[in-house]
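Worksheet: the structure to be examined is printed underneath.
Chain A is the first sequence line, chain B the second, and so forth, proteins listed ahead of strands; every chain is numbered from 1. Here the structure is a predicted model, which means the values were calculated and not measured.
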Amino acid sequence: MGPLYSVICIMPELPEVETVMRGLQAVLQGRQLRRAQVHRPDLRWPFPVGLASELTGATVSGFRRRAKYILMRLDTGLSVVFHLGMSGRMLIRPTGANDRPAHEHMTLDTVDDITVGFVDPRRFGSVDLIDTQREDTHRLLAGLGIEPLDDAFDASCLANALASKRTPIKAALLDQGIVAGLGNIYVCEALFRSAIAPTRLSSTLSPPEIRRLVSEIKATLIEAIAVGGSSLRDYVQPDGELGYFQHAWKVYGREGERCAGCPGEPGCAGIARIVQSGRSTFYCPHAQR
DNA sequence: CAAGAATCCTGTCAGC
DNA sequence: TGCTGACAGGATTCTT
């Protein structure tokens, strides 16, 4: 039984994090941890003091996702706060079946011999502890904006948030304090599906455009979660990888390709790439206005 | 105060 | 073939 997998190198955004959380839930919920280990002092930040000892012997009671964070609740009243960063993944395998994979910085063994490893080559991820009752006051969670899949995220909510912004809509949607969980890929995709140019000033979007944008953000995320959920079935095995799944992006990474939104139209020169706030933006200048 | 740039990190890939 | 450099970007920190 060897690992594993081919890694698709995209970064985890809300749907990927949701998928990883569901995978962890399936494997860990209700199980007691026999041992927890960390294999280096830090990822993005130092591991919290006592992390391994706090986890050892605890039973995993539940999970929650907030933005791109995974909260793993323990029966001791503590929650583990995971962020996958750019390259974080969770590897599941039978305890003792394999050597520790490269870049596995934290390892959890359950009493029934399941091992979950947190792998993060670029080490942009993080792990922290907080009282479950105070999860939302954690410094990384306190400033987060609304969950885009929450019913409260609607056109008036987004309009309100955008009214005072003087940035391009692309930058506003990437701002985790406005809408929490979107990253570069899903912002590009949602703007394309909304036919809104990423360069538009946030405050200039019309009410119909904002309604469309809210709707497309939700649809884009829901579809991606569905893809992740179906890929998860393949991972419900004694060993497997949680973290990434394939998805057919309409614009992301498709510079120079034909635009799916205006096939054959003479005015369409295909997908363009520009840089906004130091990040690549992919869009169709013909279809997105 | 807000917006943008710099920063952290390493696997991947284009180019020589 | 093997090396070098550019590139990817989430979220904080720094600078303008």
Side-chain angles (χ1 to χ4, degrees), chain A residues 3-21 39-48 65-71 81-91 101-106 118-128 130 136 138-145 147-148 161-191 198-204 221 224 241 243-244 246-247 249 251-256 271 273-283:
Chain A
L4 307 173
Y5 48 78
S6 64
V7 175
I8 300 144
C9 248
I10 58 169
M11 55 291 178
E13 301 183 26
L14 187 154
E16 290 80 10
V17 176
E18 177 73 22
T19 299
V20 172
M21 185 205 70
H39 309 292
R40 55 173 294 121
D42 54 53
L43 291 176
R44 173 145 195 196
W45 295 289
F47 285 110
R65 181 193 56 74
R66 173 73 169 112
K68 299 169 192 169
Y69 296 91
I70 293 171
L71 298 154
V81 184
F82 290 103
H83 195 289
L84 300 176
M86 282 289 303
S87 57
R89 310 190 302 280
M90 295 288 179
L91 296 183
H103 307 295
E104 183 171 297
H105 308 305
M106 178 178 177
F118 184 15
V119 174
D120 183 14
R122 283 176 229 185
R123 308 210 304 269
F124 278 24
S126 60
V127 181
D128 205 358
I130 188 154
D136 290 317
H138 190 281
R139 66 180 182 95
L140 296 171
L141 275 60
L144 292 172
E147 285 286 326
L162 295 181
S164 63
K165 298 302 279 188
R166 275 169 299 197
T167 56
I169 185 63
K170 164 79 187 302
L173 294 177
L174 279 176
D175 185 340
Q176 302 298 295
I178 297 178
V179 185
L182 299 178
N184 204 35
I185 294 175
Y186 291 98
V187 168
C188 289
E189 295 296 314
L191 285 171
T199 49
R200 285 275 299 284
L201 210 56
S202 303
S203 56
T204 68
L221 295 175
E241 173 183 347
Y244 300 95
Q246 295 222 335
H247 198 78
W249 315 116
V251 289
Y252 185 83
R254 296 191 180 277
E255 181 182 12
I271 306 301
R273 185 182 80 92
I274 60 174
V275 175
Q276 295 180 282
S277 324
R279 305 257 183 278
S280 289
T281 298
F282 297 90
Y283 77 114

Would you check if Ile169(A) and Leu191(A) make a side-chain contact, meaning some heavy-atom pair closer than 4.5 Å? yes
Mind checking [X] for me? I need base, sugar-phosphate or nothing, with any heavy atom below 4.0 Å counting as a touch.
X: Arg273(A); result: sugar-phosphate
X: Arg123(A); result: sugar-phosphate
X: Ser280(A); result: sugar-phosphate
X: Arg44(A); result: base

To the nearest angstrom, how far is [X] atom [atom1] from [N] atom [atom2]?
X: Ile274(A); N: dA8(C); atom1: CD1; atom2: C1'; value: 17 Å
X: Leu201(A); N: dA2(B); atom1: CG; atom2: P; value: 15 Å
X: Arg89(A); N: dT10(B); atom1: CZ; atom2: P; value: 14 Å
X: Arg139(A); N: dT13(C); atom1: CZ; atom2: P; value: 7 Å
X: Gln276(A); N: dG4(B); atom1: CD; atom2: P; value: 9 Å
X: Met86(A); N: dT12(C); atom1: CE; atom2: C1'; value: 15 Å
X: Ile169(A); N: dA3(B); atom1: CD1; atom2: P; value: 13 Å
X: Asp42(A); N: dC8(B); atom1: CG; atom2: P; value: 14 Å

hbond_proxy Arg122(A) side chain to dA8(C) base (donor-acceptor, 3.5 Å cutoff): yes
I'd like to know whether the aromatic ring centres of His105(A) and Phe118(A) sit less than 6.0 Å apart in this structure. no
Using the aromatic ring of Phe124(A) (for Trp, its six-membered ring), decide whether it stacks on the base of dA11(C) within the limits of 5.5 Å and 30°. no
Checking Arg139(A) against Trp45(A): charged group under 6.0 Å from the ring centre and within 45 degrees of the axis? yes
Where Arg66(A) and Asp136(A) come nearest, the two heavy atoms and their spacing: NE-OD1, 4.4 Å
Note: Cys188(A) and Thr281(A) closest approach over all heavy atoms is SG-CA, 4.0 Å
Of Arg279(A) and Ser164(A), whose nearest nucleotide on DNA chain B comes first from the 5' end? Ser164(A)
On DNA chain B, more 5' by nearest nucleotide between Pro121(A) and Lys165(A) is Lys165(A)
Residue Arg166(A), side-chain atoms from C-beta onward, closest of dA3(B), dA11(C), dG9(C): dA3(B)
May I ask you to verify if any side-chain N or O of [X] is less than 4.0 angstrom from the OP1 or OP2 atom of [N]?
X: Lys68(A); N: dA11(C); answer: yes
X: His103(A); N: dC9(B); answer: no
X: Tyr186(A); N: dG10(C); answer: no

